[in-house]
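Accompanying notes for the structure given below.
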Amino acid sequence: MRFTKSTMNTLQQSNAASSATPSVKDLVRLLYGGKRFGNHVDEVWPNLFIGDMSVANDRYSLWKLGVTHVLNVAHGRMNCQGSHDFYGSTVDYYGVPADDSPSFDLSRYFFPSAEYIQSALETAGARVFVHCAVGVSRSASLVLAYLMIQHHYTLLEAINKVKERRWIFPNGGFLRQLCALDRKLRETS
């Protein structure tokens, strides 16, 4: 199922009119639309990159990108290796031990990760690299949450913003958690 441009516009208009969070089913249809392949790393917001573990494990590539901060959303033994020791003193490191499983509660990391990214980007010359294994589910979910929390985007707006630069596909459980965040943020605004 692909969303045409007119379908996306209709979804955006109906969402704006009703101020309702889209269903997970609607979001999946939207995410299937457009290109279905990704680069190893893409800048999705000024000085904010989403990528995969091949880039995360290549200190030279990170140096060429000017990365000063790494947020590893697959930190731990069974996931992507990374640490302060691996990146050295020139890169600040923050590890989130997340599984790419619909049952994993990634929402507990939404606010701390958004604060980490925002604080980093407020530093002169900072460039933040957010990654997981493939760079489409866990890392994308935390970047979407960042845009929602720090820049007051709706979930739909955040997805469309990131999709301008990178193919993403958070798993169904993460989409449900992002929908809950969207509803919570709308209630408080």
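By convention here, the first residue in the shown sequence is residue 1. Computed from a prediction, not measured in an experiment: that's the story for all the values here.
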Quiz prompt | Ala74 to Cys132 - nearest heavy-atom pair and separation | solution = CB-CA, 4.0 Å
Quiz item: How are the rings of Phe104 and Tyr109 set to each other: parallel, tilted or perpendicular (split at 30° and 60°)?
Solution: parallel
Quiz prompt | Residues Leu106, Val73; criterion side chain to side chain contact (heavy atoms under 4.5 Å, CB included); working and verdict | solution = CA-CA 9 Å; Leu106 189 63; Val73 194; 4.2 Å; yes
Quiz item: Hey, does Arg186 have a side-chain heavy atom less than 4.5 Å from the side chain of Thr21?
Solution: yes
Quiz item: Between Ser101, Pro102, Ser107, Ser137, which is the residue that forms a side chain to side chain contact (heavy atoms under 4.5 Å, CB included) with Phe174?
Solution: Ser137
Practice problem: Can you measure from CG (Asn160) to OG1 (Thr154) and round to the nearest 0.5 angstrom? | Solution: 8.0 Å
Practice problem: Check Leu31 against Pro170 and note the closest heavy-atom contact, atom names and distance. | Solution: CD1-CD, 3.8 Å
Quiz item: Do Leu156 and Leu30 touch side chain to side chain, with heavy atoms closer than 4.5 Å?
Solution: yes
Exercise. Identify whether Trp63 and Val91 are in the same connected component of the hydrophobic contact network (ILVMFWY, side-chain heavy atoms under 4.5 Å).
Key: no
Exercise. Would you give the length of the straight line joining atom CD1 of Ile149 to atom CG of Leu185, rounded to the nearest 0.5 angstrom?
Key: 6.0 Å
Quiz prompt | Interatomic distance, Thr68 atom OG1 to Tyr87 atom OH [nearest 0.5 angstrom] | solution = 12.5 Å
Quiz item: Out of curiosity, does Leu147 fall in the hydrophobic cluster containing Phe111 (side-chain heavy atoms, cut-off under 4.5 Å, transitive links)?
Solution: yes
Exercise. Could you check Leu144 against Ile168 for side chain to side chain contact (heavy atoms under 4.5 Å, CB included), going step by step and ending with a plain yes or no?
Key: CA-CA 10 Å; Leu144 293 172; Ile168 59 170; 4.0 Å; yes
Quiz prompt | Straight-line distance of Asp52 CG to Asp58 CG, nearest 0.5 Å | solution = 10.5 Å
Exercise. Look at the rings of Tyr153 and Trp45 and say which category their plane angle falls in: under 30° parallel, 30 to 60° tilted, over 60° perpendicular.
Key: perpendicular
Quiz item: Which residues satisfy the ring-ring contact (aromatic ring centres under 6.0 Å, His included) test with Tyr94, sequence neighbours excluded?
Solution: Tyr116
Quiz item: Do Arg127 side-chain atoms and Leu62 backbone N/O form a donor-acceptor pair below 3.5 Å?
Solution: no
Quiz item: Below 4.5 Å, heavy atoms only, C-beta onward: do His131 and Val70 meet side chain to side chain?
Solution: yes
Quiz item: Do you know which two heavy atoms are closest between Ile50 and Gly135, and how far apart they sit?
Solution: CG2-O, 3.4 Å
Self-check item: Separation between CE of Met148 and NZ of Lys184, rounded to the nearest 0.5 Å
Solution: 11.0 Å
Exercise. Check side-chain hydrogen bond (donor to acceptor under 3.5 Å, both in side chains) between Ser113 and all other residues, then give those that pass, not counting sequence neighbours.
Key: none
Practice problem: Can you see which heavy atom on His151 is nearest to which on Gln118, and at what distance? | Solution: NE2-OE1, 3.7 Å
Quiz item: Can you tell me how far the CG atom of Leu155 sits from the CZ atom of Arg183, to the nearest 0.5 Å?
Solution: 9.5 Å
Self-check item: Minimum heavy-atom distance between Asp42 and Arg166, given as atom pair plus value
Solution: OD2-NH1, 2.6 Å
Exercise. Tell me, with the steps shown, if Tyr146 and Val128 meet side chain to side chain contact (heavy atoms under 4.5 Å, CB included).
Key: CA-CA 12 Å; Tyr146 162 74; Val128 181; over 6 Å; no
Exercise. Apply side chain to side chain contact (heavy atoms under 4.5 Å, CB included) to Asn39 and Trp167, showing your working.
Key: CA-CA 9 Å; Asn39 298 313; Trp167 181 75; over 6 Å; no
Self-check item: Over all atoms of both residues, closest heavy-atom pair of Asp99 and Arg138
Solution: C-CD, 3.8 Å
